[in-house]
Amino acid sequence: MAWYGGSGDLDFDDQAAWIALAVLGAVIAAAGGALWLLTGLAMVARERRSVQACIAALYGTSAAEVDEINRTAANAVHVTADGMRRYHRPSCDVVRGKPVRPIAGPRNEDLLACGMCQS
């Protein structure tokens with residue numbers, strides 16, 4: 001709208017109001033995009049906490065116990081959990097929130113590499 005309004009004026013002073021309108025529109029669009037992204041990030045964080053709580057309940061542990069187990073295993077090169085056929089990096093989303101254990105070496109455990117964390 002600002003481009004169309006200012007396109008018929010040849011004098012800069014006549015176009016200044018239209019330029020201000022265009023800048024205001026760009027600022028409003030950027031603020032709306034930032035708000036949309038922040039809202040999405042908050043929703044993802046909330047859903048991640050919900051999934052971690054479900055995983056903790058499935059394994060019969062509290063979320064605090066799972067966090068402590070994961071902090072202990074964070075220094076390991078690779079980790080796995082009971083019933084898993086693959087090994088993962090401690091930061092992998094597949095094992096996040098699960099009670100994991102460090103492994104000495106993937107070849108000793110006959111495990112496959114994780115495809116998500118590229119272990």
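- Side-chain contact between R89 and V79 is absent, with no heavy-atom pair separated by less than 4.5 Å.
- If you take OG1 on T80 and CG on L111, they are separated by 5.0 Å, rounding to the nearest 0.5 Å.
- Atom CZ of R48 is separated from atom CG of L41 by 10.5 Å, given to the nearest 0.5 angstrom.
- Side chain of R86 to backbone of A113: a donor-acceptor contact under 3.5 angstrom is found.
- Side-chain N or O atoms of T39 include one that pairs as donor or acceptor with a backbone N or O of L35 at under 3.5 Å.
- In this structure, S7 OG and Q15 CD are separated by 8.5 Å, a value rounded to the nearest 0.5 Å.
- Side-chain contact check for K98 versus M84: some heavy-atom pair is nearer than 4.5 Å.
- Considering every non-hydrogen atom in both P99 and A81, the closest pair reads O-CB, 3.6 Å.
- Contact detail for Y87 and H78: the closest heavy-atom pair is CD1-CD2, 3.2 Å.
- We find the CD-SG distance between E47 and C54 to be 9.5 Å, quoted to the nearest 0.5 Å.
- By the criterion of side-chain heavy atoms lying less than 4.5 angstrom apart, applied directly or through intervening Ile, Leu, Val, Met, Phe, Trp or Tyr residues, M116 is grouped together with V95 in one hydrophobic cluster.
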